[in-house]
Structures are given as structure tokens and as C-alpha cells.
Q: 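So that we are looking at the same thing, I have put the structure below in C-alpha cells.
Model, not experiment: these values are computed from the prediction.
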Amino acid sequence: MTVTAPWPYFVLSGCIIGVAGVLARILRLDTRKLNVPLESLRGLLATSVLFHHAMVSYFYFQTGKWVTPASRFYAFLGSAPVTLFFFMSGFLFWSKCMARNGIGGYGSFLVARVRRLVPAYYVSVGVVLLIVFVSTHFELAVPPKTFAGEVMGLLMFIPTFSVNGFQQALYVNAGVVWTLMFEIAFYLLLPILFLIFKGYRVFIYIALAASISWVLARRGVVFPFDPPTRPTGPLIILLLDSFFGLGFGLGMVVAFLYARCPPQWRQVLQQRRWTPIPLFFLAAPVLLKVDYYAPTEFLLLIIVFVFVVAGNDFFGLLSSPAVFLLGTISYSFYITHGIVLFVLSHLLNRWVQIRTLSPLRYWSFIGVVAVTATCFATLLYWTVERRFMRRSSALSPTSSSEQPAPETRAA
């Protein structure tokens with residue numbers, strides 16, 4: 001067995017679902033007015049990111065470098081969830097805009113987003129700062145003004161590489177902040193995007209993104225962007241095009257098509273006999289050796305997303321209470337799993353060097369990390385995140401001019 005073998009992911013994912021099943025029996029979950037498969041998908045995506053970071057962490061202890069793993073399978077467990085998360089945000093909020101002919105009150109919209117994202121995230125920032133101070137022996141290692149700027153960056157969802165002289169600060173939470181930064185940018189730009197590209201003009205948005213991708217590819221600016229294959233062009237344009245254009249953008253297109261397609265079409269996609277199709281497209285980026293975050297990966301994964309939006313539950317997996325609970329706590333899990341991984345792996349490394357562990361022992365350890373992260377995220381959701389969320393869904397269409405989208409909580 002090698003450490004990059006795929007089967008530990010499936011075995012340990014089953015363990016996580018088992019633990020979530022026990023928690024789901026204890027906690028009361030309300031599935032009314034929610035697209036259960038779409039909500040549940042969040043949970044599987046968040047847990048998949050944990051396994052991606054587990055592999056990154058393993059090689060970090062080998063080489064001292066935090067980079068995407070050489071394993072195509074575990075690299076995919078990082079890129080695919082992020083891509084699908086962006087699809088979801090584009091779909092949910094574009095559906096909301098179509099139903100209301102806009103986002104409604106901009107101030108109320110932003111307040112709702114703050115209530116959704118900030119409380120749990122600030123708890124995670126507090127834990128990160130505690131780890132930083134423990135690592136620096138509770139001494140201020142930088143000028144107060146510098147430290148204040150570093151903390152402010154964290155609070156504003158800006159990736160911060162060093163805090164109080166602790167060079168590993170970015171890795172404490174596995175560096176997940178960058179995706180939240182893109183989410184927030186999308187929220188801020190949403191009214192402008194809808195004003196310009198509402199209706200059939202959303203296809204112009206996608207056409208522009210596709211054109212930019214083609215031009216960049218012609219110039220050799222392609223993903224992956226980890227060493228040694230860094231892009232040769234402007235990285236910010238590449239990122240904006242990939243995530244705003246093909247990430248949020250494809251989700252927006254799905255929202256537009258969903259609102260106009262006949263209900264019979266969605267009922268066909270819900271049938272389990274067609275489930276092998278999205279499963280094939282889910283595996284295709286790995287089987288076809290597609291570069292992560294490449295346009296091809298976006299186009300393959302959007303097929304998977306369409307089936308889930310239509311209500312396909314992947315042979316019952318996405319309708320199970322256990323996976324639905326994982327979806328419910330997915331945001332708390334996403335922002336804290338890296339913290340649990342960092343703390344437990346560094347504690348273990350004090351007694352047994354991780355680089356000396358056999359693959360079986362390392363993945364057994366990751367099983368402990370996964371269970372701990374699930375329990376911690378459930379606690380954080382129930383004590384903090386849930387208290388600040390609105391009782392109504394993020395999607396509550398008020399206009400009958402559009403076909404309402406299936407509701408789910410917007411991350």
C-alpha cells in the first residue's frame with residue numbers, strides 16, 4: 001500500500017458518515033423547503049477537502065513544502081469541491097436574483113451574508129491566534145502595528161502567511177480563506193453582475209469567460225499554478241476568469257436554465273437509473289488526467305452539478321440523514337478541519353515523526369482527525385453558526401415570474 005492509494009478515502013468517508021449518522025439521530029434536522037441532495041453534497045465536498053489537505057500535510061512533513069500533492073486523485077479532492085462550491089453559490093444567488101429581479105435591499109443582503117459567514121469564522125480566527133501565541137510563547141515577536149495589520153487581514157478574510165512571526169500561520173487552517181475571499185467578492189459584485197447580465201445575457205458572461213480562457217491558454221497561462229509549473233502570465237486574471245467566469249458563471253447559467261426547463265426534464269434527471277452518468281463525469285477529470293481548475297474540469301463537473309440540482313440523490317446517498325447532517329455543518333467543517341489537522345498532526349509529530357509512519361498508520365491517524373473534525377464542526381455549528389443564521393432559507397422567492405429554484409442554505 002502506498003500513502004497515495006485512493007481506497008483510504010472511501011473507507012474513512014464511510015467512517016465519517018457513520019459518525020454523522022449517530023449525530024443525526026441526536027440532533028433535530030429540518031429538511032423542509034430544502035433541496036436535500038444539494039445540501040448534502042456540501043458535506044461530501046467539505047470532507048473531501050480534508051483528505052486533500054491530509055495528503056498535503058503528509059508531504060509537508062516530508063519536504064517542508066505546502067503544495068498540491070503529486071497524486072492526481074488527492075489533488076482532485078481539492079479542486080473539485082472548490083469548483084462545485086462556486087457552482088452552488090452562483091446557482092443559489094442567481095436564482096434568488098431572478099426570483100426577486102435583484103437581490104432586494106443591498107444592506108439587508110450584506111447583513112445576512114455577514115451573519116452567515118462571520119461568527120463561526122471569527123471563532124476559527126480566535127483558535128488560529130491562540131495556536132500562534134502558543135507557538136510563539138505568548139510573546140509579541142513583531143511591532144504592534146504589524147501584528148494589528150496581520151490580525152486585521154485575518155478578520156477581513158485575507159490570506160495571511162505570517163502572524164506574529166509565525167511563518168506557518170497560513171497553514172493552521174489549511175489556507176481555506178482564499179475561497180471565502182472570492183465568495184465575498186462575488187457577493188459584493190452580484191448586483192452589478194445581475195444588472196448587466198440578467199436574462200439571456202448570462203450567456204454573454206460565459207462567452208467572455210471562455211474567450212479569456214482561450215486567449216490565456218494560447219499564451220501558455222494555464223493551471224496548475226503550483227511549482228514547478230507556475231503560469232507565465234498575470235495570475236489575477238487567470239483566477240478571476242476561472243472562478244468568476246467558469247465557477248460562479250456556470251452556476252449562474254444552471255440557475256437560468258433551471259428556471260426555464262420543464263418540470264418533466266428535472267424529473268427525468270432525478271431517476272436513479274441515470275445516476276451512472278453524473279458518477280462518470282465526477283470521475284472523468286481523474287480518469288482523463290485533466291489539470292485541476294482547467295476549463296475542462298469545470299465543464300465536466302457542471303454535468304454532475306446539473307443532476308444534483310435536479311434532485312438526483314446518487315442512489316440514496318445524498319438523501320440520507322447522515323450526509324444531510326454533514327451538509328448542514330459543512331461551513332463549520334470547512335473552516336476548522338485544517339485547524340484540527342494542524343493541531344493533531346503537530347502533537348503526534350512530537351512523539352512519532354509523521355514522515356516515519358507507514359501509510360496504514362498515517363491513514364488511521366487521519367481517521368481520528370476526521371472524526372474529531374466532524375464532532376468539533378457539529379459543536380461549532382450548533383453553538384455559534386446556527387444561532388446567527390436566519391430561520392428562513394437563503395432562497396425565498398417572492399416573484400412568480402420565475403420558476404423558483406430548489407432551496408438550500410447559501411454558504
Q: Please evaluate residues Tyr187 and Glu183 with respect to the criterion side chain to side chain donor-acceptor pair (under 3.5 Å), reporting the C-alpha separation (whole Å), side-chain torsions for both, the decisive distance (0.1 Å), and the verdict.
A: CA-CA 6 Å; Tyr187 301 152; Glu183 288 275 350; 3.1 Å; yes

Q: Ignoring hydrogens and geometry, is there a side-chain-to-backbone donor-acceptor pair from Ser330 to Gly327 under 3.5 Å?
A: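 Indeed, once roles are kept as given, a pair shorter than 3.5 Å links the two residues.
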
Q: Quick check on Met156: does its CE atom have over 12 non-hydrogen neighbours (other residues, nucleotides or ligands) under 6.0 Å away?
A: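 Counting neighbours around CE of Met156, 12 or fewer heavy atoms of other residues, nucleotides or ligands fall under 6.0 Å, so no.
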
Q: When you measure from the side chain of Ser320 to the backbone of Leu317, do you find a donor-acceptor pair of N or O atoms at a distance under 3.5 Å?
A: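 Here the side-chain-to-backbone pair exists.
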
Q: Are the side chain of Asn349 and the backbone of Ile354 linked by a donor-acceptor contact shorter than 3.5 Å?
A: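 Answer holds: yes.
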
Q: Is there side-chain contact between Ile131 and Val343, with at least one heavy-atom pair below 4.5 Å?
A: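 A side-chain contact exists here, since the closest heavy-atom pair is under 4.5 Å.
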
Q: What orientation do His337 and Phe333 show, parallel under 30°, tilted 30 to 60°, or perpendicular over 60°?
A: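 Parallel, since the angle between the ring planes stays under 30°.
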
Q: May I ask you to establish whether Arg266 and Tyr258 are in a cation-pi arrangement, using a distance under 6.0 Å from NZ or CZ to the six-membered ring centre and at most 45° from the ring axis?
A: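 Yes, Arg266 lies over the aromatic ring of Tyr258.
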
Q: Looking at side-chain heavy atoms only, is the closest gap between Val306 and Val254 below 4.5 Å?
A: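 The answer is yes; the side chains approach within 4.5 Å.
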
Q: Measure the acute angle between the ring planes of Phe87 and Phe305, then classify it against the limits of 30° and 60° as parallel, tilted or perpendicular.
A: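 Ring orientation, 0 to 90° scale: tilted.
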
Q: Do Asn312 and Leu269 touch side chain to side chain, with heavy atoms closer than 4.5 Å?
A: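 Asn312 vs Leu269: side chains apart.
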
Q: Just checking, Arg260 and Tyr200: is the charged tip under 6.0 Å from the six-membered ring centre and within 45° of the axis?
A: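 Yes, Arg260 lies over the aromatic ring of Tyr200.
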
Q: Nearest 0.5 Å please: distance from the CG atom of Leu38 over to the CG atom of Leu92.
A: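 Going from the CG atom of Leu38 to the CG atom of Leu92 covers 6.0 Å.
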
Q: With distance as the sole test, does Glu150 use its side chain to make a donor-acceptor pair with the main-chain N or O of Asn164 at under 3.5 Å?
A: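 Present.
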
Q: Side chains of Phe76 and His52, heavy atoms from C-beta outward: is any pair under 4.5 Å?
A: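 Side chain of Phe76 against side chain of His52, heavy atoms only: no contact under 4.5 Å found.
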
Q: Between Glu39 and Asn35 (side chain of the first, backbone of the second, donor and acceptor by atom type, cut-off under 3.5 Å), is there such a pair?
A: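 Side chain of Glu39 to backbone of Asn35: no pair is present.
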
Q: Taking it one step at a time, do Tyr60 and Ser345 satisfy side chain to side chain donor-acceptor pair (under 3.5 Å)?
A: CA-CA 11 Å; Tyr60 174 77; Ser345 61; over 6 Å; no

Q: Of the options Phe182, Phe186, Phe248, which is the one that meets Phe243 in a ring pair (Phe, Tyr, Trp, His ring centres under 6.0 Å)?
A: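 Of the listed residues Phe182, Phe186, Phe248, the ring pair (Phe, Tyr, Trp, His ring centres under 6.0 Å) partner of Phe243 is Phe182.
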
Q: So do the side chains of Cys261 and Leu257 get within less than 4.5 Å of each other, counting heavy atoms only?
A: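 SC-SC contact between Cys261 and Leu257 ruled out.
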
Q: If we ignore hydrogens and angles and just use 3.5 Å, is the side chain of Arg115 paired with the main-chain N or O of Phe388 as donor and acceptor?
A: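 Present.
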
Q: Over all heavy atoms of both residues, which pair between Phe93 and Leu190 is shortest? Give the atoms and the distance, please.
A: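 The pair with the smallest heavy-atom distance is CB-CD2, 3.7 Å.
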
Q: Surrounding CZ of Arg201 (heavy atoms of other residues, nucleotides or ligands, distance under 6.0 Å), is the total greater than 12?
A: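 Buried by this count: over 12 neighbours within 6.0 Å.
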
Q: Any donor-acceptor pair under 3.5 Å linking the side chain of Ser358 with the backbone of Arg361?
A: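 Confirmed, Ser358 side chain pairs with Arg361 backbone.
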
Q: With the side chain counted from C-beta on, respond yes when Leu279 and Phe315 share a heavy-atom pair under 4.5 Å apart, and no when they do not.
A: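 A side-chain contact under 4.5 Å exists here.
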
Q: Looking at Ile335, is its backbone amide N or carbonyl O close enough to the side chain of Asn173 to form a donor-acceptor pair, meaning the two atoms are under 3.5 Å apart?
A: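 Checked: no pair found.
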
Q: Does some side-chain heavy atom of Leu45 sit less than 4.5 Å from a side-chain heavy atom of Met88?
A: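 Counting from C-beta outward, Met88 and Leu45 do come under 4.5 Å.
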
Q: Restricting to side-chain contact (heavy atoms from CB on, under 4.5 Å), what partner residues turn up for Phe161, sequence neighbours left out?
A: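 With sequence neighbours excluded, Phe161 shows a side-chain contact (heavy atoms from CB on, under 4.5 Å) to Leu170, given in chain and number order.
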
Q: Starting at CD1 of Ile17, measure out to CG of Leu325 and round the result to the nearest 0.5 Å.
A: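 Here the rounded value is 11.5 Å.
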
Q: Do you know which two heavy atoms are closest between Ser124 and Thr336, and how far apart they sit?
A: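 Minimum heavy-atom contact is CB-CG2, 4.2 Å.
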
Q: Only one of Tyr9, Tyr292, Phe51, Trp7 clears ring pair (Phe, Tyr, Trp, His ring centres under 6.0 Å) with Phe73; which?
A: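 With Phe73 as partner, Tyr9, Tyr292, Phe51, Trp7 yield a single ring pair (Phe, Tyr, Trp, His ring centres under 6.0 Å), made by Tyr9.
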
Q: Minimum heavy-atom separation for Gly245 and Ile206, please, with both atom names.
A: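 Shortest heavy-atom separation between Gly245 and Ile206 comes out as O-CD1, 3.4 Å.
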
Q: So which of Pro69, Pro359, Ser71 actually passes side chain to side chain contact (heavy atoms under 4.5 Å, CB included) with Val3?
A: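 The option that passes is Pro359.
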
Q: Taking Ala310's backbone N and O only, do any of them form a donor-acceptor pair with Gln270's side chain (distance below 3.5 Å, no angle check)?
A: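 Yes, the answer is positive, given that a donor and an acceptor are paired below the 3.5 Å cut-off.
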
Q: Taking all atoms of both residues into account, what is the closest heavy-atom pair of Gly338 and Ala174, and its distance?
A: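 In this case the closest contact between Gly338 and Ala174 is CA-CB, 3.9 Å.
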
Q: I'd like to know if the side chain of Ser57 and the backbone of His53 have a donor-acceptor N/O pair within less than 3.5 Å.
A: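 No, Ser57 side chain to His53 backbone: no donor-acceptor pair under 3.5 Å.
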
Q: I want to check something: taking the side chain as every heavy atom from C-beta on, are Ile329 and Trp382 in contact at a cut-off of under 4.5 Å?
A: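 Not in contact.
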
